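Everything quoted here is computed from the prediction, not taken from an experiment.
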Amino acid sequence: MQILSRISGILIFSSFISTIYFYFFHKELLIISGVLAWIAFVFLFSSLKSKKIVVILLILSFVFFGVSFFNHYDINFIKVFTVNQYLLTLLIGVGFLRLIAIPKEEKNTNLPKGRQSFIKTYWSVHLFGSVINLSSLILVADKMYKKGALNSAQIVLLTRAFASDAYWSPFFVAFAAAITYAPKLDTSTILINGIFLAVITFFITYFEVIKNKKFNIDEFSGYPLSFDSLFLPIVLALLVLITNHFHPEIKVIILISSFSILMTLFILPTKKNLKESIKILKFHVLDELPKMKSELSLFLVAGMFGISVSSILIGLNLSLPFEVFDWQIASVLLLIFIILSFIGIHPIITIAIIGDFLSGVNHTLLAVTFLMAWSTTVSTSPFSGQNLTIVARYNCDAKEIFKLNLVYVIKMYFICILCLYILSKYLAL
């Protein structure tokens with residue numbers, strides 16, 4: 001099994017590198033990268049802890065493809081293998097940043113307690129999470145857990161600080177999903193809206209914990225991270241923004257992925273010696289990349305399922321049940337996302353199903369809706385990767401996490417509606 005796992009790591013890395021190469025030089029060969037990822041999925045399938053949703057999606061995909069075949073509907077087989085390839089490339093690329101951008105704990109031995117500690121720890125998780133993803137949450141939560149079971153205030157901080165990254169971070173897989181299915185989005189509008197929502201999330205959370213005595217905020221002990229470590233993520237962001245300004249035709253996902261691996265290759269040897277750097281990279285490819293099997297499986301199979309459904313919808317020549325995709329329709333769609341997440345349907349599955357069907361609507365409003373859905377549901381759904389990690393790693397109760405964040409989700413839903421209304425008017429929809 002270890003041999004298959006390591007071969008899968010090589011395949012995943014090969015898929016990543018070839019995707020970037022083919023994007024710039026041979027876009028028609030992208031299917032090769034997709035096939036490499038699918039072979040890795042096949043090798044890793046038996047080691048998946050939870051196969052139920054993957055198997056269900058696979059079976060339904062084949063059933064729907066059968067329906068399309070017998071009704072002579074068009075099936076885009078290239079898209080079956082490549083629809084989420086750029087999304088996976090971002091996920092793999094950002095993973096390399098952990099090798100050079102892991103933040104350090106603040107050196108101050110007398111860490112502050114109370115409100116100051118809460119604020120610093122919150123923004124540590126949020127800002128580092130925007131680049132190194134779940135690693136930031138685990139870094140801080142591990143430190144907290146060493147002192148004892150996570151309390152309500154710590155759970156609220158961890159779940160919301162990290163999940164709110166999905167509102168805006170271009171290094172987050174949610175952004176990659178949005179740009180995959182709504183490629184004509186206006187990036188600056190997305191960022192402004194997302195950062196606003198992330199700040200609102202903080203203030204809602206902060207005032208909630210200081211007003212509710214059960215959180216006992218004065219005794220809150222956090223683990224702020226050194227913000228000096230934000231230098232590398234800022235450099236990466238600047239590289240992406242500057243390059244995008246001069247070459248707007250290049251996908252942002254590809255820019256982030258490319259600069260992530262290039263920065264890792266150049267900076268890692270300056271932090272370690274060359275021999276140690278090669279050893280670290282080898283370990284990452286062979287042992288760490290296969291660990292993303294859950295995300296790999298979900299994104300590949302969800303993409304295929306989405307294509308199978310859209311083949312039927314397009315074949316039936318169905319028209320959209322609305323004339324204009326405005327804030328009202330977006331609000332209903334957002335509510336559907338939230339409800340589906342509570343019963344175990346991951347946002348990427350819903351996005352994959354409706355993405356192609358809604359390709360003709362305003363992509364900026366659609367992308368904002370996707371990001372709102374992803375962030376809002378991840379913080380609360382017992383089935384999100386974030387909450388499953390917290391439950392399994394820190395022995396927390398999924399129901400308790402749900403209860404702690406349910407009122408927050410309701411508040412954010414109505415704030416999101418207001419943002420959708422303003423954006424809809426701004427876009428003249």
Legend entry - Donor-acceptor contact present, side-chain Asn84 to main-chain Leu300, <3.5 Å: no
Legend entry - Contact list for residues 409-429, test ring-ring contact (aromatic ring centres under 6.0 Å, His included), sequence neighbours left out: Trp327-Tyr421
Inset, instruction - May I ask you to check whether over 12 heavy atoms, not counting those of Ile78, lie within 6.0 Å of atom CD1? - result: no
Inset, instruction - Answer yes or no on whether Lys79 is positioned over the face of Phe81, meaning its NZ or CZ is under 6.0 Å from the six-membered ring centre and within 45° of the axis. - result: no
Legend entry - Ser294 and Leu48, any side-chain heavy atoms less than 4.5 Å apart: yes
Legend entry - Ser33 side chain reached by Leu30 side chain, heavy atoms, under 4.5 Å: yes
Legend entry - Trp123/Phe202 aromatic ring centres below 6.0 Å: yes
Inset, instruction - Decide, yes or no, whether a salt bridge links Glu288 with Lys291 under the criterion of side-chain N to carboxylate O below 4.0 Å. - result: yes
Legend entry - Under 3.5 Å: donor-acceptor pair, side chain of Ser164, backbone of Ala198: no
Inset, instruction - Applying side chain to side chain donor-acceptor pair (under 3.5 Å) between Thr159 and each of Asn387, Thr380, Thr205, Asn405, report the one that passes. - result: Asn405
Inset, instruction - Assign the ring pair Phe342 / Phe402 to parallel, tilted or perpendicular, where the plane angle (0 to 90°) is split at 30° and 60°. - result: perpendicular
Inset, instruction - Classify the ring geometry between Phe337 and Phe370 as parallel (under 30°), tilted (30 to 60°) or perpendicular (over 60°). - result: perpendicular
Inset, instruction - Please say which of Thr364, Leu427, Val368, Leu365 ends up in a side chain to side chain contact (heavy atoms under 4.5 Å, CB included) with Thr189. - result: Thr364
Inset, instruction - Assess the side chains of Thr376 and Tyr167: does a donor N or O sit below 3.5 Å from an acceptor N or O? - result: yes
Inset, instruction - Could you list all the ring-ring contact (aromatic ring centres under 6.0 Å, His included) pairs where at least one residue sits in residues 39-59, not counting sequence neighbours? - result: Trp38-Phe41, Phe41-Phe45
Inset, instruction - For residues Phe172 and Phe162, establish whether the separation of their ring centroids is below 6.0 Å. - result: yes
Legend entry - Side chain to side chain, Leu371 and Asn193, heavy atoms closer than 4.5 Å: no
Legend entry - Passing option when Phe64 is tested against Ser311, Ser310, Ser308 for side chain to side chain contact (heavy atoms under 4.5 Å, CB included): Ser308
Legend entry - Ile3, CD1 atom: more than 12 neighbouring heavy atoms under 6.0 Å: no
Inset, instruction - Indicate yes or no: does Arg393 engage Asp142 in a salt bridge with an N to O separation below 4.0 Å. - result: yes
Inset, instruction - Using distance alone, with no hydrogens and no angle criterion, decide if Gln328 and Ser424 have a side-chain donor and acceptor under 3.5 Å apart. - result: no
Inset, instruction - If the plane angle is over 60° it's perpendicular, under 30° parallel, otherwise tilted; pick one for His126 and Trp168. - result: tilted
Inset, instruction - Can you establish whether the number of heavy atoms outside Phe62 located under 6.0 Å from its atom CZ is more than 12? - result: no
Inset, instruction - List the steps, then state whether salt bridge (Lys or Arg N to Asp or Glu O under 4.0 Å) holds for Glu208 with Arg160. - result: CA-CA 12 Å; Glu208 186 179 320; Arg160 300 183 194 178; 3.0 Å; yes
